[in-house]
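Written out below as structure tokens is the structure these notes cover.
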Amino acid sequence: PAEDPSHFLCSRVVKFRRTGESSRSEEDGISGEHEVQIEGVRAELEPVELGDGAAVPKEFANPTDDTFMVEDAVEAIGFGKFQWKLSVITGLAWANAMEMMILSILAPQLHCEWRLPSWQVALLTSVVFVGMMSSSTLWGNISDQYGRKTGLKISVLWTLYYGILSGFAPIYSWILVLRGLVGFGIGGVPQSVTLYAEFLPMKARAKCILLIEVFWALGTVFEVLLAVVVMPTLGWRWLLILSALPLLLFAGLCFWLPESARYDVLSGNQEKALATLKRIATENGAPMPLGKLVVSRQEDRGKMRDLFTPHFRWTTLLLWFIWFSNAFSYYGLVLLTTEFFQAGDVCSISSRRQEVKAKCSLACEYLTEEDYTDLLWTTLSEFPGVLVTLWIIDRIGRKKTMALSFLVFSFCSLLLFLCVGRNVLTVLLFIARAFISGGFQAAYVYTPEVYPTATRALGLGSCSGMARVGALITPFIAQVMLESSVYLTLLVYSGCCLLAALASCFLPIETKGRGLQESSHKEWGQEMVGRGSHSPGESQE
């Protein structure tokens with residue numbers, strides 16, 4: 001900072017250089033006229049008055065000359081070739097949707113082939129979510145303690161190994177255990193979003209995280225297409241083995257993945273973080289900020305108590321319920337879709353269930369070609385879900401996007417009370433799935449943005465764990481309760497989403513236009529607001 005002697009007697013006036021800007025010439029220093037050129041706009045830096053002993057706000061300047069933070073480097077380097085490569089590789093991990101979509105295809109097949117009662121079919125689905133629920137927080141803790149890349153690689157390799165082994169299961173108990181272990185591995189795959197988000201500039205973050213969700217949609221579509229080809233010829237065992245292909249491809253490419261520079265800085269690895277940032281700048285053909293990288297080491301990373309500090313307690317509790325409702329409704333709809341299509345329409349389910357009860361309790365129906373076609377159409381709804389969310393999330397904000405998604409899903413669920421035909425049923429299921437998947441995607445954008453780097457992976461992991469609780473319960477609603485009452489089943493899903501819409505509105509922090517917070521040790525000027533993105537009087541809650 002350069003002091004103006006004319007103000008020495010009454011107050012201290014300091015002029016600051018913008019973060020990451022190199023030292024000016026001696027003439028600039030003498031004249032005291034500091035101007036910066038930002039995207040063609042000439043802006044004069046205003047003098048800032050500070051009281052004696054007041055700290056320099058890091059949002060407006062650096063405490064010393066020629067320093068920058070990871071956030072500055074990521075913003076300066078921007079989006080380029082590196083992020084495109086990262087999108088594809090982390091997207092392959094995200095295509096584990098195939099392992100989830102297979103549940104709605106595998107369940108009726110094993111129900112018929114192994115003559116399983118309905119509770120064992122539901123248990124086969126639930127055990128995957130038990131594995132995910134029990135491991136999500138653990139993978140988050142590993143990613144905060146030992147690195148995002150480490151946690152992601154181990155979880156993907158684990159999922160790949162047990163996913164392939166599932167195809168060789170000789171009896172029900174074996175496949176139950178193996179699918180549970182697959183679920184344990186899948187619990188760590190959401191950490192790909194943590195790694196990905198930490199390399200994205202603020203303006204591109206929401207769009208890019210939503211676009212990586214396209215790989216989830218591609219995975220679900222590819223799974224249905226694969227089932228159409230494989231199930232009639234090779235059977236469900238080969239379907240399980242071939243469904244591991246995207247993870248196998250990721251395992252071969254993951255050596256390219258760098259560790260998060262934000263994590264390296266927080267763990268004290270300044271040189272490694274700097275090398276990663278220089279690598280990104282080189283690949284993108286962009287200059288690095290001049291000066292020295294600031295390291296804010298924090299040893300107590302990945303602690304559950306940090307999610308319940310006064311600043312984050314309410315956010316954590318509301319997010320847990322939102323994630324629970326998202327998974328409960330999303331996977332419930334996936335399972336209900338199969339049931340509705342087999343029945344023909346909603347009103348036929350009750351009479352169909354009565355017929356089944358009159359017959360053997362083990363009566364079953366294989367999925368037909370028409371069922372696969374309708375399943376494909378509802379699965380394709382993932383894509384408009386991405387597009388709608390992409391269009392509104394930076395316009396109305398993350399909170400309102402999630403609330404709107406829950407409300408539309410709830411409304412479509414209530415419309416299913418009407419005795420609609422198969423065509424209208426397909427349209428309603430299409431819209432409902434588009435919006436609930438969009439809400440899920442919005443949650444994946446919001447959660448990494450709201451937590452600091454020290455607890456980001458744990459925050460996302462714990463939310464993912466709560467989502468798996470919802471997914472664990474939903475088979476018993478969508479498959480078991482459905483036998484008693486289709487209307488009560490739909491009412492449960494609709495009511496849950498109405499409450500989740502309210503929870504979204506009550507979230508205390510809107511992360512639209514905010515940078516990523518680095519340390520969980522709250523310091524003045526290190527809030528989540530993007531630098532220079534707000535006016536002086538704007539709230540920084």
Can you tell me if [X] uses its side chain to pair, donor with acceptor, with the backbone of [Y] under 3.5 Å?
X: Ser464; Y: Leu460; value: no
X: Thr474; Y: Gly470; value: no
X: Trp139; Y: Phe184; value: yes
X: Lys149; Y: Leu257; value: yes
X: Ser462; Y: Thr137; value: no
X: Ser494; Y: Leu490; value: no
X: Arg148; Y: Leu195; value: no
X: Arg468; Y: Met132; value: no
X: Glu510; Y: Lys399; value: yes
X: Asn141; Y: Leu458; value: no

Mind checking whether [X] and [Y] have side chains closer than 4.5 Å, heavy atoms only?
X: Thr276; Y: Phe199; answer: yes
X: Ile209; Y: Gln441; answer: no
X: Thr315; Y: Val450; answer: yes
X: Arg433; Y: Thr220; answer: yes

Residue of the set Arg205, Arg262, Arg456 for which side chain to side chain donor-acceptor pair (under 3.5 Å) holds with Glu198: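 Going through the options one by one, the only one that passes is Arg456.
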
Derivation and outcome, side chain to side chain donor-acceptor pair (under 3.5 Å), residues Thr447 and Trp323: CA-CA 10 Å; Thr447 307; Trp323 278 73; 3.0 Å; yes

Surrounding [atom1] of [X] (heavy atoms of other residues, nucleotides or ligands, distance under 6.0 Å), is the total greater than 12?
X: Phe411; atom1: CZ; value: no
X: Lys85; atom1: NZ; value: yes
X: Tyr161; atom1: OH; value: no

We want to know whether [X] and [Y] form a side-chain donor-acceptor pair, criterion being a heavy-atom distance below 3.5 angstrom.
X: Ser437; Y: Tyr330; value: no
X: Tyr451; Y: Thr316; value: yes
X: Gln191; Y: Thr194; value: yes

Taking atom [atom1] of [X] and atom [atom2] of [Y], what is their separation to the nearest 0.5 Å?
X: Leu415; Y: Ile431; atom1: CG; atom2: CD1; answer: 8.5 Å
X: Glu259; Y: Ser143; atom1: CD; atom2: OG; answer: 8.5 Å
X: Ile436; Y: Phe409; atom1: CD1; atom2: CZ; answer: 5.0 Å
X: Lys512; Y: Ile393; atom1: NZ; atom2: CD1; answer: 10.5 Å
X: Phe406; Y: Leu499; atom1: CZ; atom2: CG; answer: 10.5 Å

Which atoms form the tightest heavy-atom contact between [X] and [Y], and what is the distance?
X: Leu247; Y: Leu92; result: CD2-O, 4.1 Å
X: Gly439; Y: Asn326; result: O-ND2, 3.6 Å
X: Ile89; Y: Trp256; result: CD1-CE3, 3.3 Å
X: Tyr493; Y: Phe328; result: CE2-O, 3.2 Å
X: Cys497; Y: Ser329; result: SG-OG, 3.0 Å
X: Gly459; Y: Leu307; result: CA-CD2, 3.9 Å

Under a 4.0 Å threshold between the charged nitrogen and the carboxylate oxygen, would [Y] count as salt-bridged to [X]?
X: Glu75; Y: Lys203; value: no
X: Asp394; Y: Lys207; value: yes
X: Arg398; Y: Glu449; value: yes

Derivation and outcome, side chain to side chain donor-acceptor pair (under 3.5 Å), residues Glu223 and Ser243: CA-CA 7 Å; Glu223 184 64 39; Ser243 296; 2.8 Å; yes

